[in-house]
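What follows is a set of notes on a single structure, which appears directly below.
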Amino acid sequence: MEKGNRSRQVLSRIATNDKHGENSPYFHGWNAYERNRFHPTQNPQGVIQMGLAENQLCFDLVEKWIRENPNASICTREGADQFKEIAIFQDYHGIKEFRQVVAKFMEKVRGNRVTFDPDRIVMSGGATGANETFMFCLADPGDAFLVPSPYYPAFDRDLRWRTGVQIIPVDCHSSNGFRLTRAAVEVAYKTAQESNINVKGLILTNPSNPLGTTLDMETLKSLVAFVNEKNIHLVCDEIYSATVFNSPRFISVAEVIQELEHCNRDLIHIIYSLSKDLGFPGFRVGIIYSYNDIVVSCARKMSSFGLVSSQTQHFLTSLLSDEEFVDNFLSKSKKRMAKGHHDFTKGLKQVGISCLKGSNSGLFFWMDLGSLLKEQTFEAELELWRVIVDDVRLNVSPGSSFHGLEPGWFRLCFANMDDQTGEVALERIRTFVLDNGKKGDEGR
Amino acid sequence: MAAQFRDQDQLLSKMATGNGHGEDSPYFDGWKAYDKDPYHPTKRPNGVIQMGLAENQLCFDLIQEWLMKNPEASICTPDGVENFNGRALFQDYHGLPEFREAIAKFMGKVRGGRVKFNPDRIVMSGGATGASETMAFCLAEPGDAFLVPTPYYAGYDRDLRWRTGVQLVHVVCESCNNFKITKSALEAAYENAKEDNIRVKGLLITNPSNPLGNILDRETLKGIVSFINEKNIHLVCDEIYAATVSTNQPNFISVSEVIEEDIECNRDLIHIIYSLSKDMGFPGFRVGIVYSYNDAVVNCARKMSSFGLVSTQTQHLIASMLSDDEFVDRFLAKSKERIETRRKVFIQGLARAGISCLDGNAGLFVWMDLRILLKDRSFEAEMELWKVIINEVKLNVSPGSSFHCLEPGWFRVCFANMDHNTMEVALSRIKTFMHQIKDQNREVKELAKKTCRQNSLKLSLSRRRVDDFLMSQISMSPHSPIPQSPLVPART
């Protein structure tokens, strides 16, 4: 024991604090799932995983493509003559063709309304690495970034842990559909200033996690105007850009700045990844795109700490340069997401549970269970959550884990399961709601 | 809307506008010369031969042969595609269990089966680059220092310091005793740091050594282990070149073996950095490994690995390949043999040209002694000689000062990143060059016999002299500040 204490003293503060964010109560849900995983035939009473924002809807398309394109692999007879060249390629600029196809893919996802310069495409260790790298480039320890809440829980780790940067939440309320307003950003900014906190930027996730909504042009323009006025950065995490399955259509910050004459582009940056749009989180394909040359240069040097495996770069270069495949994939993916979203939200509405109005994107929906809370507190939310995990046997994510202000909201992921499992999950929720004496009102 | 364009210095972080990335260095001239005119046996036979890249390109035939026989090792072949879905989704930072098991087994085999590694202590990182940085984040605060014996891998300046704020304090190693890491050098460095009010958190050694191309003997290793235990500081051993040691004596001794024998050692202080970039020749795959005997460090490093996990596509391939015992045994044997043969032929070639190298049986390079060619015993003279080697002899080699060597005149020359014919061309160019020098009757200075300095004051002065020299080069070089970073590999 004494030795343990002695050794803890010789580690860094970063190693011994809990800013990695994992000492949280939400692991109860993960553990419940790990211990008792649902399977339609082998374990039909198990816990269904609805806490993972994964896109599992289109693997059939990818698998078909792989069978038809053996050159894409450096391990096939057709592709093996490239093995050596790829295996030794470690240039942090990345394979040129890889950058080109990623730029093109990003353009397609935005309906070709914008162009992306492949020379501004920089790799990172997933979006996780991209988030952190931006902080290292844009802020000093002690500086802060504004983040609209509710927000992706891992921002706490990615933006703050090793960088020393602070997060200042920007409050969004259910009363206006959690819409981000310039006014709310101004308030957060002003409060930070008054506390002598140096705000270096605003980071948005658009489409939003956990809300599943997109920002409209007016809001985006006003935010761009805001950052220009304050001379702070705007980092847009557009990781869910190809998950927009309904109108309104996705508007990227890249489009907005095209229309603005007086935008200082040195302030504009985009985070991207293939984890959600393509469903490849395991491949760790994080992308940093900045309109600021110095940031591109710095981020590129930092990418040495998290480059994309050249084997993966090579495969994706092949996959994404097949325009026919990409078009088909994007279109099918949206259709399947739309269906999943529709089936769930309709089924929930029938028992009086509403999801955030206007949600048109993401791999999840933001569900309002406020009417089931014993009282409008986060303790009550956590209690309800435990019941959902342990009794209803669904691992969902409680709103408090996203730093929301209002208890009773839950994020449920639907794109990581087949239709059959989805039906089971929906049935369980409906049964639970009805059993709990829901009187059938419209919800908030 | 009037935009006030503030200076980028205030707009960006200090990290982004500073030069902690280490790339504002004069050594880019070598890379640029190569990029402009790379050697090709038929297309550009007078081009620059790349001898500055420590890569292992000698065994790809074996790999390719294995791949043809094992199509399920790839998730992108018809045989392996059924795994695609599962792998593409798997992002657990523990990594695939098969991957960790295969790596642990491989590391054990590389050490002749003399030690076993626990797969649960295997943690991924973004190449060895990421592993080095992660170690610094876990073990030290900004402002703390790691001791590093000179000469050392230039990338450490970036990896250990840039984003962590950690410092490096040099442990001076000298040619008069073959750059041995002596107890007095360690103590001197530790005391130097103390005098400057710098808290030392650990010692980082690279064994086998880059750039020396040799291995630490058991006595030195044991001395190092007792030194760090005595000071209660960490020992980080970068064993990235472990499988490049020839089969001749002496055998490679890993720190993992030493601590097996040393029951007094506090294992919480012992950590290993590893990677497949050198031993397998796969730098592009970014397979970095952190192996720690300290549970808290394993835990922390694992959480940090989220910033640089190995692609599951690659984890799957490596798990397949390295769990094939028969293949691994054959690969390691053949690889060592080929590296050793190449090394021998190269050293003999240099000897025939009148050039000696530091005695060593490891690494993908030799540490070449060109002190007799220096105009005088200065780093300016070393740089001058280096420019001649690049521009006239047309070889991109790495000057000792780029490794923070405190004595001018040494050069690291890589030999495993080319085919045999190219190496012969390089050797003949060197031979020709040496002949020319003799013919021109250039003064060949006899170096006065140096006594190894014991005085720490002198050591710190000479260290500062090197750094001053480097700084003056930066301001003088027409290539700095470099507006666009040239093609630089992630690891030299």
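Just so we're on the same page: letters track the sequence lines, and every chain starts at 1.
- Of the inter-residue distances, the one linking B:L67 atom CG with A:I74 atom CD1 reads 8.0 Å to the nearest 0.5 angstrom.
- The most heavy-atom pairs under 4.5 Å with chain B, out of A:D143, A:N416, A:N292, A:V295, come from A:N292.
- Between B:I75 and A:I66, the shortest heavy-atom distance links the atoms O-CD1, 4.1 Å.
- Only the side chain of A:V62 comes within contact range of chain B, judged by heavy atoms closer than 4.5 Å.
- Only the backbone of B:F90 comes within contact range of chain A, with at least one heavy atom under 4.5 Å from a heavy atom of that chain.
- B:T312 pairs by the side-chain hydrogen bond (donor to acceptor under 3.5 Å, both in side chains) definition with nothing, not counting sequence neighbours.
- Between B:C138 and A:L11, every side-chain heavy-atom pair lies at or beyond the 4.5 Å cut-off.
- To the nearest 0.5 Å, atoms CG (B:L317) and SG (A:C75) are separated by 4.5 Å.
- Across A:R13, A:H20, A:R157, the residue that shares the most heavy-atom pairs under 4.5 angstrom with chain B is A:R13.
- Of the inter-residue distances, the one linking B:C76 atom SG with A:E63 atom CD reads 10.5 Å to the nearest 0.5 angstrom.
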Which pairs would a plain distance check flag for residues 296-304 of chain B, meaning a side-chain donor or acceptor within less than 3.5 Å of a matching protein atom at least two apart in sequence or in another chain?
from: B:N299; atom 1: OD1; to: B:K303; atom 2: NZ; distance (Å): 2.7
from: B:R302; atom 1: NH2; to: B:D120; atom 2: O; distance (Å): 3.1

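- A 4.5 Å side-chain heavy-atom check between A:Q90 and B:S277 finds every atom pair outside the cut-off.
- For residues 273-281 of chain A, heavy-atom neighbours of chain B at less than 4.5 Å comprise A:G279, A:F280, A:P281, sorted by residue number.
- Using a 3.5 Å distance cut-off with no hydrogens or angles, the side chains of A:S12 and B:E141 do not pair a donor with an acceptor.
- Two residues are said to be in side-chain contact when any heavy atoms from C-beta on lie closer than 4.5 Å; A:F305 and B:W162 meet this criterion.
- For A:A72, no part sits under 4.5 Å from any heavy atom of chain B, backbone or side chain.
- Heavy atoms of A:E261 lying under 4.5 Å from chain B are absent altogether.
- A donor-acceptor pair under 3.5 Å is absent between the side-chain atoms of B:S311 and the main chain of A:S309, judged by distance alone.
- The parts of A:D158 that come within reach of chain B are both its backbone and its side chain, each placing non-hydrogen atoms under 4.5 angstrom from that chain.
- Chain A forms more heavy-atom pairs under 4.5 Å with one residue of B:Q91, B:Q315, B:Q313 than with any other, namely B:Q313.
- Residues A:F83 and B:F285 place their aromatic rings such that the two centres sit under 6.0 Å apart.
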**Asked** B:L89 and A:F59: side chain to side chain contact (heavy atoms under 4.5 Å, CB included), yes or no, with the steps?
**Response** CA-CA 10 Å; B:L89 290 170; A:F59 277 109; 3.8 Å; yes
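- With A:D140 contributing its side chain and B:K14 its backbone, the two residues share a donor-acceptor pair below 3.5 Å.
- Residue B:V287 does not touch chain A at all, counting heavy-atom pairs closer than 4.5 Å.
- In this structure, chain A has a heavy atom under 4.5 Å from the backbone of B:A140, while its side chain stays farther away.
- Heavy-atom distances place the side chain of A:E54, and not its backbone, under 4.5 Å from chain B.
- A:R67 and B:P78 get closest at one heavy-atom pair: NH1-O, 3.9 Å.
- Closest of all the heavy-atom pairs between A:D81 and B:Q64 is CA-NE2, 3.9 Å.
- Both the backbone and the side chain of A:R77 come within contact range of chain B, with heavy atoms under 4.5 Å apart.
- For B:E72, the side-chain contact (heavy atoms from CB on, under 4.5 Å) partners two or more places apart in sequence, or in a different chain, are B:N70, B:D79.
- Side-chain contact check for B:S74 and A:S73: at least one donor-acceptor pair (N or O, by modelled atom type) lies under 3.5 Å.
- Your options are A:N131, A:T128, A:V296, and the one with the most heavy-atom pairs under 4.5 Å with chain B is A:T128.
- Remark: A:K19 NZ is loosely packed, at most 12 non-hydrogen atoms of other residues, nucleotides or ligands lying under 6.0 Å away.
- In this structure the side chain of A:R284 never reaches within 4.5 angstrom of the side chain of B:T314, judged on heavy atoms.
- At a threshold of 4.5 Å between non-hydrogen side-chain atoms, the residues A:L267 and B:L11 count as touching.
- One finds the OG1 atom of B:T77 at 10.0 Å from the CD atom of A:E78 (value rounded to the nearest 0.5 Å).
- Contacts between A:E22 and chain B at a heavy-atom distance below 4.5 Å involve the side chain alone, from C-beta outward.
- At least one side-chain heavy atom of B:E133 sits less than 4.5 Å from a side-chain heavy atom of A:R162.
- A:W65 does not touch chain B: none of its heavy atoms, backbone or side chain, sits under 4.5 Å away.
- Note on B:G126, B:P283, B:G130: by heavy-atom pairs under 4.5 Å with chain A, the leading option is B:P283.
- Note that CZ of A:R300 is 12.0 Å distant from NE2 of B:H21, once rounded to the nearest 0.5 Å.
- With rounding to the nearest 0.5 Å, the separation of CG in A:L307 from OG1 in B:T129 is 8.0 Å.
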**Message:** One pair to check against side chain to side chain contact (heavy atoms under 4.5 Å, CB included): B:S13 and A:L138. What are the steps and the verdict?
**Reply:** CA-CA 5 Å; B:S13 67; A:L138 307 178; 5.9 Å; no
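- In this structure, chain A has a heavy atom under 4.5 Å from the side chain of B:I63, while its backbone stays farther away.
- Scanning all heavy atoms of the two residues, the minimum distance from A:Q56 to B:N85 falls at OE1-OD1, 4.5 Å.
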